[in-house]
Amino acid sequence: MARFDLLISGGTVADVAETCRADVGIRDGKIVAIGRDLGAADRTIDAGGKYVLPGGIEAHCHIEQESSSGLMTSDDYHSGSVSAVFGGNTCIVPFAAQHRGQALRDVLALYHGRASSKSVIDYSFHLIISDPTDEVLHEELPRAIEEGITSFKVYMTYDRLIVDDSQMLDILAVAKRHGALTMIHAENNAMIKWMSGKLLEQGHGAPRYHALSHPRTAEAEAINRAIALAGFLDAPILIVHVSTEAGARIIARARYEGRKVFGETCPQYMFLNAEQMDLPGMHGAKLCCSPPLRDRASQEQIWQCLQNGTFQVYSSDHAPYRFDDTGKLHAGPNPDFPQIANGLPGIEMRLPLLFSEGFIKGRITLNHFVALAATNVSKIYGLDHCKGSITEGKDADIALWDPQITRTVRAADMHDNMEFTPYEGMEVTGWPTTVLQKGKVIVEGGELQAARGDGKFVPRRKVDCTGMPGRLAPELDPDRNFGVDLGL
Ligand code: DUC
Ligand code: ZN
Ligand code: ZN
């Protein structure tokens, strides 16, 4: 009997620290050996000239999710996961969204049902919490965490989602106590509403004004407040989709001070800018997202913050709404910007863009690419017991990248349900040609070899903040608070 089910031979293997020529031996879906002259296998894949990297983990995407205004994203768990895997990913962590009045167990049952029958790759969920009732806080959230849903997102804006500072503290306290990570959409709601009102009063309802209506300082203020609230309790947080240098600096400073804060940015803030929204008619609506696209200078600043480690997470924020009455134009053919659904597609292009413009162009190392593609996310979101690196004992979730391939990005080549990509016409170098999940080839030669429902739910571990010392506010110090139980 051969020693391995599969051998990936002759490729260049990389993790977050090292790059070397090595073969990878796989048995029973796991990586069991990395080295040279490993022995016989039932099947050998020649990876000569290719990079052998962990499959990407896409940790911020909206799939088969109703927005707070009832709109369904255009991708379900089949098209969304297929698009992800063609972009070199082997795991997705979309959102299971609680709308007000819903019990979390019903929300999770709904999303488990959606994903289990359709996803072609492994998945988990983050919860979105919009209704932190006592039952949610003290029974449902702790139960969800025990079931392996160890992160949840809260919004500081949007009327139907917003949590106030006091609710945020409640959620942060539960997260801290039970070992979960709170993800925060940080924008100041009042500034957005005030700006939107002024713009609309003066007749500026066109899509391009969406960007103006979300001032940079709205992001900075909310990030600052979120960090203050979390810092007060010494609770870990991750600020999602950071779009401004001002916001990034606040995160960098908090991290420097040892706060338990992580930062995420997205390709749209590096590769796109608000000038591109100046399109005829309503076409600018295709680029409405929140936070919005910024200017060219911002693009470069966000790149720098990715390079210097301010952002540990790089996600697509794939939020696909079609340019028709099911999506962007649900409120009619000529909506004012507040009625336009927010979000861009990008799950398939996240990694090819970073590989090409980051690694191939020398802005980041291959090892930093691996960290951003998979390893950081696996550690931050508790997936590193099974995923996120080419390491003995982990799932054989692997993408082979060919650095010689050059492609022009075309919507027609994407596998999502959008017929639009904001990256249309860009030339990229490097592409994930072969993708494996648990040792099974699931993409090869441009063909999908996985079926609906092949992907499995992955319970995640609790948050690990090793190396981030943090500190409780003096008022919460058990030695100084006169024995009051604050539930931490
Ligand atoms: N926040 C997201 O994370 N995605 C799309 C829109 C939004 O506000
Ligand atoms: Zn958001
Ligand atoms: Zn999002």
Can you confirm whether [X] sits close enough to [Y] that some side-chain heavy atom of one is under 4.5 Å from a side-chain heavy atom of the other?
X	Y	answer
H415	S79	no
T408	E427	yes
Y381	T150	no
Q65	P94	no
F323	M418	no
L344	L272	yes
Y321	T73	yes
L293	Q268	yes

Full working for ring-ring contact (aromatic ring centres under 6.0 Å, His included) between F125 and H112: CA-CA 9 Å; F125 309 109; H112 274 296; 5.0 Å; yes

For residues 173-181, which side-chain N or O atoms pair as donor and acceptor with protein atoms under 3.5 Å away, sequence neighbours left out?
residue, atom, partner, partner atom, Å
K176, NZ, D234, O, 3.3
R177, NH1, G487, O, 3.3

Are [X] and [Y] close enough that a side-chain donor and a side-chain acceptor fall under 3.5 Å?
X	Y	answer
T19	N367	yes
D317	H62	yes
S290	E187	no
H99	E66	no

Stepwise side chain to side chain contact (heavy atoms under 4.5 Å, CB included) check, H60 with F95: CA-CA 8 Å; H60 185 154; F95 293 93; 3.3 Å; yes

Side chain to side chain contact (heavy atoms under 4.5 Å, CB included) assessment of S74 paired with D416: CA-CA 8 Å; S74 69; D416 59 13; over 6 Å; no

From CA spacing to verdict: side-chain hydrogen bond (donor to acceptor under 3.5 Å, both in side chains), N188, E221: CA-CA 7 Å; N188 179 297; E221 186 283 325; 2.9 Å; yes

Is it the case that the side chain of [X] and the backbone of [Y] share a donor-acceptor pair, with hydrogens and angles ignored and the cut-off at 3.5 Å?
X	Y	value
E18	V16	no
T133	V136	yes
E424	R410	no
R114	E64	yes
N189	M156	no
D131	I129	no
E140	L137	no
N273	E275	yes

Check ion pair E300-R296 (N to O, under 4.0 angstrom):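 The answer is no: the pair does not qualify as a salt bridge.
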
Salt-bridge criterion met for E245 and R249 (N-O under 4.0 Å):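 Judged by the 4.0 Å cut-off on N to carboxylate O distance, E245 and R249 do form a salt bridge.
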
Mutual orientation of the aromatic rings belonging to F271 and Y423 [parallel < 30°, tilted 30-60°, perpendicular > 60°]: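 Plane angle over 60°, so perpendicular.
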
Parallel, tilted or perpendicular, as decided by the 30° and 60° cut-offs, for the rings of F355 and W401: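 If you compare the ring of W401 with that of F355, the planes turn out parallel.
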
Derivation of the salt bridge (charged side-chain N to carboxylate O under 4.0 Å, His left out) call for K379 and D384: CA-CA 5 Å; K379 290 184 177 156; D384 56 336; over 6 Å; no

ring-ring contact (aromatic ring centres under 6.0 Å, His included) evaluation trace for F369 with Y51: CA-CA 12 Å; F369 174 81; Y51 292 110; 9.2 Å; no

Sole residue of I364, V377, N376, L306 in side-chain contact (heavy atoms from CB on, under 4.5 Å) with Y314: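 Option passing the side-chain contact (heavy atoms from CB on, under 4.5 Å) with Y314: L306.
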
Over 12 foreign heavy atoms within 6.0 Å of CD, Q276: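 Yes, because the 6.0 Å sphere around CD of Q276 holds more than 12 heavy atoms from other groups.
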
